[in-house]
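Computed over heavy atoms, backbone and side chain alike; hydrogens, waters and symmetry mates excluded.
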Amino acid sequence: MPSASPLSLLRRLPAPLLNGLGIGAGLLLCTGLIAPLWGLPAAVAASSGYGAVGVADTVVTARSKPAAMLPAIAGSLLVSLLVALTHGHAVAEALTVLAVTFGALLWTAWGKRGMPLSFVMILSLIFQMAAFREVPMDRVAALSHLGWVAAGAAFMGLWAQLCAVALARRYRTLALAESLHNLSRLIRTQARWTRDRAEPDARTSSQQDLLSLIRQQAALADVFQSARDLLYDGATHDASARRRREIDTLIHVVNLRDVVLACQLDIDQLPTSPSTRTALLRLAHFLNWHADRVADLALAVRLGEPAPPAPQAPTLLAPEDSRALQSLARRAGHLHEHGQALRRAAEGTAPGPHPEAPLLTSLVSPVSWSLPVLRRQLHLGAPTLRYALRATLAMACALWLSHHLPWHSHPHWLLLTVAVVMRGSLEQTLARRDARVIGTLLGCAVASLLLSLPLGMAARFAVLALSMALAHAYVLRDYRITTTAAAVMALLQAKMFATGPHAVWLDAAERLADTLIGAGLAWGFSYVLPSWERAQLPALTHRLQQALRRYAHHVLHWQQGSALAPERTHARREVYDAIWMLAQALQRTVREPTYAGSRSPHLEALLIRSHRLISQLAVVRIVLTHRQGDLHGPTATSAIERTEAALCAWLSDDPAERQHRAPAPLAAATPHQDDGVLVSHALPEPQGDPTPWLLRRLTQIEAEAAAWADAADGVARTR
């Protein structure tokens, strides 16, 4: 087992926490340089600029860092200037708050990478409102303050770039380890699902259990894409053996995910019998064994140590196993082969795929800020515009309320709570609301305890840096920790800015009260100009439909040369991305009110049918990859062409044309002879010619495509 030395403990740190600690260290360095030379007020002002821009410092490559940090610095300085110019003018200040809120939230049009920049502007607004309120400034003082804010923001941008260069290699290693870790969790979850299927009453919970498994599988799309962005970017210029080994390993990880899908097929259709139960328990044990091996490999990659030797794999087959169980065992055997290939790739003991650098680069997420992305959201039905409008209305209400509450010392806290709690969907808002209240309670208690101690200014900056590191690291992992750290930061900063004695418990009570009121406002305004999932489902369904058509085409023509490799890879990624988005939409509908009309059993069916369809395609890809030479050529070609025609029909854009365009099922009700190969609903022999197995899978693909079309029509009818 890997050692538990301090170095190994440090290597266990996940990338977001490592990134957050780097930001905290930069804050200490920034304030440590400024405070002795130019005084404490300059250091506090610089820390506000540093802290706001630090939100944009996420785990990305050094090449992508300027595209994130430069807009963050510019946006932060612009907001700081607007606050300075309008401070003391109530109407102008209110207009600034509303304009900044609306403009900041439009950045969310770019999705995941636009959200940090959105919060940079919000946080800059809050920090500078606090600074100008706590410390009266004349024109000269205000200019000096803005100069130090700019210095802190610029220092953050430079520090972020240096850290990205210094930690690039570590980030790639951690991204690969995280992909392996999540794959291990997926295999373990599937083992648990398989074991549950062995129980007599398993069918009653089968669909919900399968949905949970599908959500976890879909979430891998985001993990894999983050790994691609870190490992593939710059591969054109870095052809080292280590980099190539990491890329090959990630490719094997992604391929193994497809093979894991194949192990789920036909389990729900197995007959209930003692032999079936025994076989499923053996399969569950086998999957757990593989999950342990992938977990060992993930830890070895993370720690930079050799993976421990793998014990003997458990056996799956028994002499009395039926053809169906033997088919399942063969698919598990493919999983074992891919697992061994994954291990060899990670160890560098076998040649890998070694794809060309242009293909790898094409799979990296874009870093430019394309204006068409924003233009598509500039209409009243667009989710981003509706989100920006209702958040601006909520901020207007919070701003008015902050001037009429019995307490007035920190009105910006109420604005901040509204801004961070209100999200683009009700489900996310409710989750943020609960986490914000819990975290603020804990943070107020921790801050009150810390401020009751005789801490010097250096110690307070150290606590501030640690709080910033934790808040940044856990914003996407556990928002309760982020909120706890944010409350500690806010109360510490309030004490730093305060010019006179002020009881800590009063600040803590005000923070908690503002949190409760702000969370309530964000919750209430979530029902103003809402973006219910019902309105977004047609676009998501269409995107998934197009992705499935492209991916199915490439799977059915898998052996037609390597020239199509880039298109195949893109098509597969698009399918999983679309399923991930559909799974998120399904999760969000659970928290929506009934009158929103988004909930529909057809949506669950659509997700399940999509999952089963790509699982069937994964099996076909395995057959075409490993048994191409054993297939009966004319029969396989004819069947593939027929299935592709059926898929084009069932996955067409016009539902009205599906019924008369779709061909009859491939397999007839009774056996028949086709070019010397028997085609039947009965399971073929487990050994020998794989053509009957291919025909059976193609028939199932057609049936799943028809069921998918029916579920898609059902989703469309819910509008």
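Judged by distance alone, with hydrogens and angles left aside, the side-chain atoms of Thr440 form no donor-acceptor pair with the main-chain N or O of Val437 at under 3.5 Å. Between the side chain of Ser144 and the main chain of Val140, no donor-acceptor pair closer than 3.5 Å is present. Arg11 contributes a side-chain N or O that, together with a main-chain N or O of Leu303, makes up a donor-acceptor pair within less than 3.5 Å. Side chain of Ser76 to main chain of Ile73: no donor-acceptor pair is present (N/O by atom type, distance under 3.5 Å, no hydrogens or angles). Counting only distance, with no hydrogens or angles, the side chain of Thr482 and the backbone of Val475 share a donor-acceptor pair below 3.5 Å. Judged by distance alone, with hydrogens and angles left aside, the side-chain atoms of Gln377 form a donor-acceptor pair with the main-chain N or O of Thr384 at under 3.5 Å. A donor-acceptor pair under 3.5 Å is formed between the side chain of Ser118 and the backbone N or O of Ala104. Side-chain atoms of Thr108 come within 3.5 Å of backbone atoms of Leu105 as a donor-acceptor pair (strictly under, hydrogens ignored). Under a 3.5 Å cut-off, the side chain of Glu93 and the backbone N or O of Gly88 do not form any donor-acceptor pair. Judged by distance alone, the side chain of Arg172 and the main-chain N or O of Arg243 form no donor-acceptor pair under 3.5 Å.
One distance of note links CG of Leu450 with CG of Leu464; it measures 11.5 Å at 0.5 Å rounding. Here the OH-OG distance, from Tyr387 to Ser526, works out to 9.5 Å after rounding to the nearest 0.5 Å. Here the CG-CZ distance, from Leu371 to Arg376, works out to 11.0 Å after rounding to the nearest 0.5 Å. Of the inter-residue distances, the one linking Tyr474 atom OH with Thr484 atom OG1 reads 12.0 Å to the nearest 0.5 angstrom.
Checked against Val79 for a side chain to side chain contact (heavy atoms under 4.5 Å, CB included), the options Ile122, Val120, Val100 give a single hit: Val100.
By the salt bridge (Lys or Arg N to Asp or Glu O under 4.0 Å) test, Asp222 pairs with Lys112, sequence neighbours left out. Annotation: side-chain contact (heavy atoms from CB on, under 4.5 Å) contacts of Ala160 (sequence neighbours excluded): Asp57, Lys65, Met69, Met156. In terms of the ring pair (Phe, Tyr, Trp, His ring centres under 6.0 Å) criterion, residue partners of Trp110 (sequence neighbours excluded) are, by chain and number, Trp107, Trp369.
Taking the side chain as every heavy atom from C-beta outward, Leu374 and Leu106 approach each other to under 4.5 Å. Looking at heavy atoms from C-beta onward, Phe224 lies out of side-chain contact with Asp229 at the 4.5 angstrom threshold. Side-chain contact between Asn182 and Glu178: present, with at least one pair of heavy atoms (C-beta onward) separated by less than 4.5 Å. The shortest distance between side-chain heavy atoms of Thr61 and Tyr171 does not fall below 4.5 Å. Leu470 places a side-chain heavy atom less than 4.5 Å from the side chain of Leu17.
Side chains of Gln428 and Ser425: a donor on one and an acceptor on the other come within 3.5 Å. Between the side chains of Thr173 and Arg242, at least one donor N or O lies within less than 3.5 Å of an accepting N or O. Side-chain atoms of Gln536 and Ser531 form no donor-acceptor pair, as typed in the model, at a separation below 3.5 Å.
The environment of CH2 in Trp532 is crowded: more than 12 heavy-atom neighbours from other residues, nucleotides or ligands sit within 6.0 Å.
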task = Check step by step if side-chain contact (heavy atoms from CB on, under 4.5 Å) holds for Arg133 and Met129.
result = CA-CA 6 Å; Arg133 183 178 181 85; Met129 288 180 66; over 6 Å; no
inquiry  = Set out, in order, the CA-CA distance, both residues' side-chain angles and the distance that settles side-chain contact (heavy atoms from CB on, under 4.5 Å) for Leu416 and Leu123, then state yes or no.
reply    = CA-CA 8 Å; Leu416 178 62; Leu123 206 58; 4.2 Å; yes
task = Evaluate the criterion side chain to side chain donor-acceptor pair (under 3.5 Å) for residue pair Asp514 and Thr417; output intermediate values, then yes/no.
result = CA-CA 7 Å; Asp514 285 338; Thr417 300; over 6 Å; no
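Considering all non-hydrogen atoms of both residues, Leu77 and Ala150 come closest at CD2-CA, 3.4 Å. Between Ser467 and Met489, the closest heavy-atom pair is CB-CG, 3.4 Å. Residues Asp233 and Ser64 approach most closely at OD2-OG, 3.8 Å, considering heavy atoms.
Taking the six-membered ring where the residue is Trp, the centroids of Phe132 and His145 are separated by under 6.0 Å. For His410 and His412, the ring centers sit closer than 6.0 Å to each other.
Within the cation-pi definition used here (under 6.0 Å to the ring centroid, within 45° of the axis), Arg432 qualifies as a partner of Tyr479.
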